Q: 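For reference, the structure I am asking about is given below.
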Amino acid sequence: MYTYVTKKMQALAILNAIEDSSWMDAYRISVDTETTSLNPYEARLLLISISTPSDNYVFDMTKLSVAMFKQVLENPHIIKLGHNLTYDYKIFYHHGIALQNMHDTMITDRLIHAVGYKMGFSLADVTKRRLGITRDKSIRDGFINKTNSFFSEEELLYAAEDTSYLHPIYEQQMTEMKKLGLMRVYQLEMSIIAPTAMMEYTGVYVNKDLLSQMKHPFEEHIRIANKALQDLFIAHGAADTIVFSKDGYYCVNTNSTQQIKDMLARVGVNIPTLNVKDVQRWELEQKKSKKKKTDDFSYFDIIDDEEIANAIDQYPGVENKYLRALGFLKGARILLNTFIYGILDRIDNTTGRVHPSFNSLGAMATGRYSSTRPNFQNIPTDKKLQLLGLGAYSIRNCIEASQGKRIIIADFASIELVILAALSNDQHLLEEILRGDVHTFVVREVLNYKDITPQNKKKEPHKFWRDAAKTLSYGIAYGTTGRNISETLNVMLASQGYKITPQDGDALIAKWYSLFPTTANYLNANARKAVLDGYVTDAWGRRRNWDRSTFIDKWKRFAAEREGKNAGIQGSSATMTKRAIQLFWERADKTKARMIICVHDEIVVEADEEYTEQACALLKEAMEQAIKEVLPNVAHDVGKYEGTSVDPKVSVRYDK
DNA sequence: TGGGTTAGCGCG
DNA sequence: AAAGCGCGCTAACCCA
């Protein structure tokens with residue numbers, strides 16, 4: 001049963017009645033919008049569906065004005081239920097309405113489930129799972145690009161049902177969250193819907209011309225590296241057929257892992273996989289068995305462009321010259337296709353900006369944000385471009401503050417070890433991190449390299465050891481194994497002439513654990529908890545869950561142990577960032593400063609030039625307060641030491 | 001032809 | 001045989 005509302009007087013009467021109910025404790029309505037587009041700048045509002053706990057209304061927005069909804073939707077005493085409210089927030093904001101007091105049934109279900117495997121969270125999925133009702137999504141899809149203003153009985157009923165289901169879903173969710181101790185993180189998640197929606201709505205200014213200028217040099221690098229590989233395979237007799245086209249000739253599609261592996265086998269390089277990690281593993285084996293070289297040639301003999309030949313020659317990671325050229329080619333290709341064409345294609349026609357989606361529980365197992373279309377959490381650093389011999393260009397520098405504004409970048413510097421130490425309440429580790437230099441300590445005590453001092457730690461060869469110590473400590477926070485850490489360290493320390501066996505790796509982890517037994521206990525306890533209880537929690541009670549029935553497979557169990565060690569750390573880090581986002585949202589002038597990107601432990605804000613100083617201060621304050629609230633046992637030290645102080649940087653672009 | 005998966009690589 | 005955590009995107013590949 002629902003009421004189809006087309007007349008202004010009728011609509012006002014209904015909205016007034018809802019407003020009158022707001023004196024009730026925790027009075028709630030559910031809200032949904034049907035629009036012609038998912039882009040808030042283009043979307044035409046077709047229907048607004050509202051359900052109270054007892055009645056369903058479908059408002060025909062082709063006949064009614066959205067302004068009359070302002071009072072109800074902004075009323076802080078009325079809870080607004082919705083599925084994926086980030087979207088509805090943007091739609092209403094575009095019409096001058098800022099939703100208040102939201103309960104998002106999609107985010108809440110993600111929070112409750114929080115598992116490491118793929119699960120559906122569309123309204124249809126949640127309705128099916130919780131109420132056993134199957135929904136036909138095709139009716140909803142019919143609203144997109146709708147040109148007329150006639151609504152069928154079926155469409156109206158569908159809209160009304162959608163909102164009516166949200167009430168029983170809400171009741172289930174609240175009961176479950178209270179039982180699971182999730183209320184604190186739930187409040188946090190709901191409070192960042194608005195800043196998340198506004199981050200998407202605001203978008204990021206990208207200098208189109210600057211980014212476009214990068215196409216040609218990247219294409220040249222790719223063309224030359226590709227030609228070099230073709231020539232090599234042909235010269236070494238690996239080519240069956242050579243195809244000639246207007247762009248030159250080729251014997252293999254260098255994009256195809258399968259074809260490349262076949263070609264490599266023909267020139268004597270028999271390798272199972274081509275990713276860097278496996279290649280490094282394979283190369284170590286080759287060295288051990290003293291196989292004779294199959295790549296006895298120079299890039300300078302086959303590549304005319306000296307600079308590119310040199311860049312490939314210097315490209316780090318792997319030794320074998322076929323594989324190195326291939327790695328170089330793949331690196332250049334991903335940058336061109338994903339980040340240059342990919343971002344250019346996403347510049348919005350209406351705003352001239354790029355509007356990525358930020359999914360506040362995209363990393364649904366851990367609590368971190370994810371970013372899509374495009375992903376703004378994996379923009380290459382300038383170092384990557386330098387390695388490709390393209391250091392004259394920068395993708396990050398194409399992301400600019402718009403006219404009269406500034407970009408502010410602030411991150412929690414190396415917060416994960418602080419979190420690990422604080423969660424473990426390991427006074428010794430905290431002491432080393434906060435008042436000393438834990439990596440230098442690990443160099444001396446675990447790696448047994450004694451020449452390092454606080455003064456020379458940034459100079460070679462001491463820096464090598466410090467980097468290795470850093471890798472070991474972070475590896476431990478990720479639940480690394482002896483075998484893995486030995487391989488990683490072998491690559492890092494190869495130039496120093498050191499070799500580490502998997503057994504040595506085990507010994508390093510054991511030594512690290514023996515120096516910080518309290519932290520070791522925390523990590524091992526969480527590994528056990530993941531397996532025995534099927535969940536672990538972060539500092540504010542955020543849970544990550546595992547399906548314990550899979551643990552009869554010991555490899556699944558081992559994976560859960562590693563994940564269990566890391567989940568509390570990564571979850572707490574996400575909680576900290578989100579708390580900072582909320583505090584900044586509460587305190588900053590939203591018309592003068594807005595978050596535009598969030599990369600896990602980094603918050604990027606675009607602010608009016610004259611408001612920059614104040615925005616920096618507010619951001620620093622919000623982030624440092626977040627550290628204190630998430631890690632109360634280090635609150636006393638916050639702001640005093642490198643690991644617990646935040647130092648926002650101001651620029652006209654996203655440079656880091 | 002179209003959807004789902006895999007391999008590889010970008011970031012924290 | 002499987003072995004560091006968390007993500008998303010592109011091209012190739014696989015199958016219907």
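Sequence lines set the chain letters: A, B, ... in the order given, protein chains first and strands last, and positions in each chain run from 1. Being a predicted model, the structure only gives us computed values, none of them experimental.
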Q: Please assess A/E400 against A/N207 for the test side-chain hydrogen bond (donor to acceptor under 3.5 Å, both in side chains), listing each intermediate value before the final yes or no.
A: CA-CA 7 Å; A/E400 294 178 352; A/N207 187 327; 3.0 Å; yes
Q: Evaluate the side-chain hydrogen bond (donor to acceptor under 3.5 Å, both in side chains) criterion for residues A/T196 and A/Y369: first the C-alpha distance (whole Å), next the side-chain angles of each, then the deciding distance (0.1 Å), finally the verdict.
A: CA-CA 10 Å; A/T196 303; A/Y369 272 97; 2.7 Å; yes
Q: Figure out the CH2/P separation between A/W282 and B/dA7, and round it to whole Å.
A: 19 Å
Q: Applying a 4.0 Å non-hydrogen cut-off, can you work out what A/R368 is touching in the nucleic acid: base, sugar-phosphate, or nothing?
A: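 A/R368: base contact, heavy atoms under 4.0 Å.
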Q: When all nucleic acid strands are considered with a 4.0 Å heavy-atom cut-off, which category describes A/Y369: base, sugar-phosphate, or nothing?
A: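 Here A/Y369 touches no strand at all.
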Q: For atom P, what is the distance between C/dG4 and B/dG8, given to the nearest Å?
A: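 Rounded to whole Å, the distance is 16 Å.
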Q: Using a 4.0 Å cut-off to any heavy atom of chain A, which nucleotides of DNA chain C are the first and last in contact, reading 5' to 3'?
A: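 Contact boundaries, 5' end first: C/dA2 to C/dC13.
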Q: I want to confirm an ordering. Mapping A/T488 and A/S371 to their closest nucleotides on DNA chain C, which one lands closer to the 5' end?
A: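 Between the two, 5'-proximity favours A/T488.
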Q: Is there a side-chain contact between A/K330 and the phosphate of B/dC9, meaning an N or O under 4.0 Å from OP1 or OP2?
A: no
Q: Between A/R544 and A/E563, does any side-chain N to carboxylate O distance fall below 4.0 Å?
A: yes
Q: In whole Å, what separates the P atom of B/dA7 from that of C/dA3?
A: 12 Å
Q: So what does A/R557 touch, heavy atoms closer than 4.0 Å: a base, only the sugar-phosphate, or nothing?
A: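 Result for A/R557 = nothing.
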Q: Specify the separation, in whole Å, of atom NZ of A/K383 and atom P of B/dC9.
A: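 Distance check: A/K383 NZ to B/dC9 P gives 16 Å.
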Q: Contact class for A/R333 vs. all strands (heavy atom < 4.0 Å): base, sugar-phosphate, or nothing?
A: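 Contact class for A/R333: none.
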Q: Under 4.0 Å between a side-chain nitrogen and a carboxylate oxygen: does that hold for A/E487 and A/R483?
A: yes
Q: Would you call A/D348-A/R346 a salt bridge at under 4.0 Å N-O?
A: no
Q: Classify the nucleic acid contact of A/I334 as base, sugar-phosphate or nothing, counting any heavy atom under 4.0 Å across all strands shown.
A: base
Q: Tell me: CG of A/N255 to C1' of B/dA7, nearest whole Å?
A: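 Computing the A/N255:CG to B/dA7:C1' distance gives 12 Å.
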Q: Determine the contact category for A/T471: base if any of its heavy atoms lies under 4.0 Å from a base atom, sugar-phosphate if only primed atoms, P, OP1 or OP2 are that close, otherwise nothing.
A: base
Q: Can you check the A/I409 CD1 to B/dG12 C1' distance for me, whole Å?
A: 14 Å
Q: Can you check whether any acceptor in the base of B/dG8 is under 3.5 Å from a donor in the side chain of A/N275, or vice versa?
A: no
Q: Once you apply a heavy-atom cut-off of 4.0 Å, does A/G331 come out as touching a base, just sugar-phosphate, or nothing?
A: sugar-phosphate
Q: I'd like to know if A/E189 pairs up with A/R542 as an ion pair, taking the criterion as any Lys NZ or Arg NE/NH1/NH2 lying under 4.0 Å from an Asp or Glu carboxylate oxygen.
A: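 Looking at A/R542 together with A/E189, the answer is yes, because their closest N to O distance falls below 4.0 Å.
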Q: Considering every strand and a 4.0 Å limit on heavy-atom distances, what is the contact class for A/T273: base, sugar-phosphate, or nothing?
A: sugar-phosphate
Q: Is there a Watson-Crick or G-U wobble partner for B/dG12 with both distances under 3.5 Å, and which nucleotide is it?
A: C/dC5
Q: A/I379 CD1 to B/dC9 P: how many Å, rounded?
A: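 In whole Å, B/dC9 P lies 19 Å from A/I379 CD1.
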Q: How is A/K384 classified with respect to the nucleic acid when contacts are heavy atoms under 4.0 Å: base, sugar-phosphate, or nothing?
A: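 A/K384: backbone/sugar contact only, no base atoms under 4.0 Å.
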Q: Please assess A/F376 against A/F358 for the test ring-ring contact (aromatic ring centres under 6.0 Å, His included), listing each intermediate value before the final yes or no.
A: CA-CA 9 Å; A/F376 258 36; A/F358 284 91; 7.5 Å; no
Q: Base, sugar-phosphate or nothing for A/T481? Non-hydrogen atoms, less than 4.0 Å.
A: base
Q: Identify whether the distance between the nearest side-chain nitrogen and carboxylate oxygen of A/D240 and A/R266 falls below 4.0 Å.
A: yes
Q: Taking A/K578 for the side chain and A/G367 for the main chain, is one N or O donor matched with an acceptor at less than 3.5 Å?
A: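 Yes, A/K578 side chain to A/G367 backbone: donor-acceptor pair under 3.5 Å.
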Q: Without decimals, in angstroms, what is the distance between A/R324 CZ and B/dC9 P?
A: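 It is 15 Å, rounded to the nearest whole Å.
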Q: When the distance from CG of A/D278 to C1' of B/dT6 is rounded to whole Å, what number comes out?
A: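 Those two atoms, CG and C1', are 14 Å apart.
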Q: A/Q570 near the nucleic acid: base, sugar-phosphate alone, or nothing, with a heavy-atom cut-off under 4.0 Å?
A: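 Counting heavy atoms under 4.0 Å across all strands, the contact made by A/Q570 includes a base.
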Q: Please report, rounded to the nearest Å, how far the P atom of B/dG10 is from the CZ atom of A/F328.
A: 12 Å
